[in-house]
Amino acid sequence: MPGRKRGTEQYVKLTVLMNCGPWLSVPPPGYGGIENVIAALVPALRRRGVRVVLVSVADSTLEADEHVSVFRSGQFAHLQRPYNQVMGIAAAHLDRVVSELRGRDDVVLVHDHQEALGLTVLGALGPDMPPVLHTLHWDLRKHPELYGNLRGDGRLRVNGVSFAQLTTAPAALRAISVGHVHLATPLAVQADRRPATAKAGHLVVLGRITPYKGQDVAARIAHRLGRTLVLAGPVGPYHTPAELATADDSNPDVRYWRESVQPLIDGRRVRWVGTVLGEERDTLVATADATLFPIDWEEPGGTAVTESLALGTPVVGYGRGCLPELVESGRTGLLVAPGDEDALAAAVSAASAVDPQECRREAARRFTPARMAEKYLRLYGRILDRENGVTPLRSALEV
Ligand code: UDP
């Protein structure tokens with residue numbers, strides 16, 4: 001096993017197996033926080049000489065050194081189905097990851113992004129298998145019995161996507177944490193050199209339509225201030241009004257939409273445009289006066305926050321979760337006390353005082369894929385150092 005021996009062996013290439021899970025292709029077809037981050041990370045790692053074996057679904061188009069998959073396409077539509085229907089999907093995907101690892105000896109580290117099962121199964125493979133770094137993309141108050149009782153057996157390490165997120169982690173999870181790495185977006189690359197985009201006067205919320213993201217709050221504020229608000233993002237697995245019309249009420253996000261958001265949509269002042277992609281998404285955000293985050297949870301990483309800043313649009317929201325780490329209130333956005341709708345409405349009105357160029361500068365400095373890859377390489381190095389008692393990372397990257 002050339003990549004894993006203890007001792008003084010020099011690595012020629014660092015081969016990392018990147019497990020993306022079976023839910024969406026990489027890059028994702030529209031919505032997809034985790035998959036967007038992986039799509040930003042992998043090219044930046046490969047530019048640094050890392051070989052990446054991407055375990056995803058077959059229609060992922062991200063360039064990698066090798067692709068492995070079980071499912072032809074993303075299984076996201078099943079994600080909110082009952083557990084007894086969906087568990088086989090997650091297990092089939094992971095089973096493929098395990099057989100891949102058992103069948104080869106070049107992978108020196110597994111970087112895993114599959115919720116709950118990834119760290120359990122891959123962390124338990126034993127000393128013959130590569131060490132695992134599991135990135136925690138989730139609210140860590142989920143799965144208390146799992147996160148509260150993890151042992152890790154020395155082979156498993158985790159990282160958060162913000163400092164705030166890790167402060168909510170149970171002690172057992174914190175004990176195997178190697179810190180946090182903020183998310184990144186390709187839009188941040190030279191964001192400060194892009195010409196300023198003319199603002200069109202609307203507000204935007206970019207994200208899943210779910211109580212966590214607070215679209216109902218944003219809609220109420222828009223009506224109150226007489227402002228135009230565009231809501232972009234899927235409702236559960238439904239991406240367009242036509243698709244959503246066919247949905248029954250079993251999905252909790254569909255119920256939230258029907259009960260709390262739809263009554264506030266008038267198609268004029270407050271609109272839902274479904275999931276927006278690519279340039280359409282970027283233009284929608286870049287021309288907005290502000291992106292709103294009236295979040296009702298501890299937002300763990302906030303890809304859409306980094307994207308908004310990179311596109312020169314101030315972030316206005318509740319100061320909880322990762323937001324205070326990503327946004328400096330008064331300079332790149334305005335953050336107010338969580339749940340204070342009056343204060344949020346006042347902040348929306350004051351957002352024009354925030355300089356879009358300052359937002360772009362901040363994104364170019366802090367949220368580029370190269371910066372994220374650099375931090376992950378440091379974590380990989382720490383884990384491999386611990387494994388091998390040598391410093392393989394430097395030689396791995398001298399290619
Ligand atoms: N997104 C998109 N189109 C939409 C709504 C969302 O491309 O209509 C993307 C958005 O740009 C971001 C991701 O989906 O990259 C959402 O990730 P985030 O971390 O903000 O939220 P979460 O992972 O909690 O859903």
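Only a predicted model underlies this, so the values are computations on that prediction, with no experimental measurement involved. Below, all heavy atoms of this structure are taken into account, side chains as well, without hydrogens, waters or symmetry copies. One-based numbering, in listed order, for ligands and for the atoms of each.
With a 4.5 Å cut-off on side-chain heavy atoms, T368 and T185 do not count as touching. Looking only at side-chain heavy atoms (C-beta outward), R72 and V57 stay at 4.5 Å or farther from each other.
Looking at D296 and K213, no side-chain N of the basic residue comes within less than 4.0 Å of a carboxylate O on the acidic one, giving no salt bridge.
Within the structure, salt bridge (charged side-chain N to carboxylate O under 4.0 Å, His left out) contacts touching residues 261-281 (residues at least two apart or in different chains) are R281-E307. Listed by first and then second residue, the ring-ring contact (aromatic ring centres under 6.0 Å, His included) pairs involving residues 292-328 are Y212-W297 (not counting sequence neighbours). Each salt bridge (charged side-chain N to carboxylate O under 4.0 Å, His left out) pair with one or both residues in residues 356-370, not counting sequence neighbours, appears once here: R331-E358, R331-E362, E358-R361, E362-R365, E362-R366.
For a heavy-atom separation below 4.0 Å, the residues in contact with ligand 1 are G30, Y31, G32, G33, N36, L206, G207, R208, K213, A232, G233, T275, V276, R281, W297, E299, G302, T303, A304, E307.
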